[in-house]
Amino acid sequence: MSGPLSLEPGGVEADTLALRLTAPRPRRAPDDATPAKRLPGRGPEEEAVSTLAAGLADSIAPAVHPYEVAALLEAEGLSTSVIKERYGHPNLFSLATALYERVPRTFPEPPPATDLWRPDTLRCLLRGVLFALPALAYLLTAPLWPLVRHAPVLIVAGIASWAWGQALGHRAHLRLVSGRREASGTLLSGSLLGAAVATSLAVLPADSAVAVGAAAAQSLYLAAASVLLVLARERLLLAALSPLIAGAVALPWWEPGPELRAGLTLLALLATLLAAALVLRAGRSGPAASDAARPRLLASLPYGLFGLAAAVLVMLEGRRQPYTVIALTLSMGPAEWLLYRYRGWSVAALRASATPVGFMLRSAAVLGLCLSAYLLLLLPAALLTGSDPATPLLLAVVLWTALLLQAFGVAWPPAVLCLAAAAAAAVTLPDLPPGPAVLPAACAVTAVCLTACAIHRLGRPSPHA
């Protein structure tokens, strides 16, 4: 799941500028004609500082940190010698702090009338359903082949496809900035290569041609579905899966027979491949960008590593409590909706904040609200589908906060933390299921670390400007 990526300038200057650009300007009373606070004078130097504050009040008033005032003074050409002799301050930053304290704060612009991050609720919910619908293929074809026996083959191929799809989705979104044609070319070559890699890895644990064929079909579907989801063609993917949906819905009342079971599954696969091919063909026929810069491959590496770690963690949870994986998969739609809501609510918090510390507190409250809403949504499923409701909830926190950080371009911390959690939990793979405390403990530690990282990195104004 990928969202629009935002650049994240660093430093205090970027944070104060973000607050200045987004905070609302309160109305002044008619008699508020003197913006500077005149402090009791202690000599000509203090009077000079107050006079300077009055003269620069309109420029100093929007500042939210003395550093921004220091930059203004530098632009005014004040030298160190002038600052010492005329204003009696040892350096530029001392004078900037004095001016910042004298001028009352006001803000430049009213908030926009519309929420730029308002999510498409129907689209988000549909995406969650589309993530879970491919499982109907296993339900339809279960009587036709030993699914449990060949499960390791499908798991290996699925983990590889998940990791590859995360990296490819990120790279395709970067290419979309250059144009539809560039993104289509990336998706075409990347999806074919990804399906080949996943199938090749699945050959290692396979003991029959049937298992390899099933892994190849699964990898091709995941590659084609990723293309449609990245290019926002969710309704087309839903239409392609309609044979699968129809067959699964009819199962409680009608036995379709082996031929129809296999035929409906194959028809859904072919329809998905055809839909992806048509969409890519339409994109490739568009105009090419004249100065399209090709992003570095390493930029997408942490997204792929996170996909690998997330797939392993979900697989391990599936060994312990299989039905919770279905709940987690369906919840990805509401999770995406909450990612958009976090962005919108954070911008609103930014407009209501007067200082960086104030915004950090509001940002932490927004993060807590979104996580609480997500966990409340999952709580009934966690209570009904397993004897250990805490682990799926902790895993949900890990996945959501990692995706949140990625949406803001913070890619390496969630990748490293999730890989560490997956490695710690995977050590117990020879035991089925994993040790009772390993996976929950790994998810708990990772959830705490990711939440702290989100508060630290996203509690600054600059990522939200």
Side-chain angles (χ1 to χ4, degrees), residues 1-3 5-6 8 10 15 117 119 166 302-303 305-314 316-317 324 327-328 331-332 334-350 353 356-379 381-382 388-425 437-464:
M1 175 174 58
S2 301
L5 300 178
S6 62
E8 184 182 2
D15 291 341
W117 292 105
Q166 285 290 113
Y303 296 86
L305 294 177
F306 164 72
L308 174 64
V312 171
L313 289 171
V314 171
L316 292 175
E317 175 61 15
T324 59
L328 278 172
S331 75
M332 285 295 102
E336 186 171 345
W337 186 89
L338 284 169
L339 290 176
Y340 281 100
R341 284 290 77 204
Y342 174 86
R343 280 183 173 268
W345 290 337
S346 294
V347 171
L350 188 57
S353 301
V357 174
F359 173 70
M360 177 174 282
L361 295 176
R362 284 186 170 89
S363 176
V366 170
L367 178 64
L369 176 63
C370 290
L371 280 175
S372 299
Y374 187 37
L375 294 181
L376 284 175
L377 178 69
L378 277 171
L379 182 59
D388 174 22
T391 303
L393 295 179
L394 289 170
L395 180 55
V397 173
V398 169
L399 296 177
W400 192 85
T401 51
L403 291 171
L404 174 66
L405 287 166
Q406 286 184 341
F408 283 89
V410 184
W412 277 110
V416 172
L417 289 170
C418 291
L419 276 175
V438 176
L439 184 60
C443 289
V445 172
T446 306
V448 171
C449 292
L450 285 172
T451 302
C453 182
I455 293 174
H456 172 67
R457 299 294 292 270
L458 306 183
R460 297 183 290 112
S462 53
H464 308 273

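What you see is a predicted model, and the numbers here were worked out from it, not measured in a lab.
- Distance check: L399 CG to L394 CG gives 11.0 Å after rounding to the nearest 0.5 Å.
- Here the closest heavy-atom approach between residue P414 and residue F306 is recorded as O-CD1, 4.4 Å.
- With sequence neighbours excluded, the residues that form a side-chain contact (heavy atoms from CB on, under 4.5 Å) with L379 are L383, L393.
- Among residues two or more places apart in sequence or in another chain, the side chain to side chain donor-acceptor pair (under 3.5 Å) test is passed with S331 by Y374.
- In this structure C370 satisfies the side-chain contact (heavy atoms from CB on, under 4.5 Å) test together with Y342, W345, V366, W400, sequence neighbours excluded.
- For the pair F359 and G459, the tightest heavy-atom approach, listed with the atom from each and the gap, is CD2-O, 3.3 Å.
- A distance of 8.5 Å separates CZ of R460 from NE2 of H464, quoted to the nearest 0.5 Å.
- Minimum interatomic distance between G409 and Y303 (heavy atoms only, all atoms of both residues): CA-OH, 3.9 Å.
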side-chain contact (heavy atoms from CB on, under 4.5 Å) assessment of L458 paired with S346: CA-CA 9 Å; L458 306 183; S346 294; over 6 Å; no
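- Using a 4.5 Å cut-off on side-chain heavy atoms (C-beta onward), V398 and C418 make contact.
- The nearest pair of heavy atoms linking L316 to A422 is CD1-O, 4.4 Å.
- The side-chain contact (heavy atoms from CB on, under 4.5 Å) check on A348 picks up nothing, with sequence neighbours excluded.
- Put simply, the side chain of R457 never gets that close to the backbone of F408: no donor and acceptor are under 3.5 Å apart.
- The backbone N or O of V397 lies less than 3.5 Å from a partner atom in the side chain of T401, making a donor-acceptor pair.
- Summarising the geometry, atom CG belonging to L378 is positioned 9.5 Å from atom CG belonging to L395; distances are rounded to the nearest 0.5 Å.
- With sequence neighbours left out, L417 forms a side-chain contact (heavy atoms from CB on, under 4.5 Å) with T446, C449, L450.
- Counting only heavy atoms from C-beta outward, the side chains of L313 and L439 approach each other to under 4.5 Å.
- T324 pairs by the side chain to side chain donor-acceptor pair (under 3.5 Å) definition with E317, not counting sequence neighbours.
- Closest approach of W117 to G344, counting heavy atoms only: CB-N, 3.6 Å.
- The two residues A424 and V438 make their nearest non-hydrogen contact at O-CG1, 3.3 Å.
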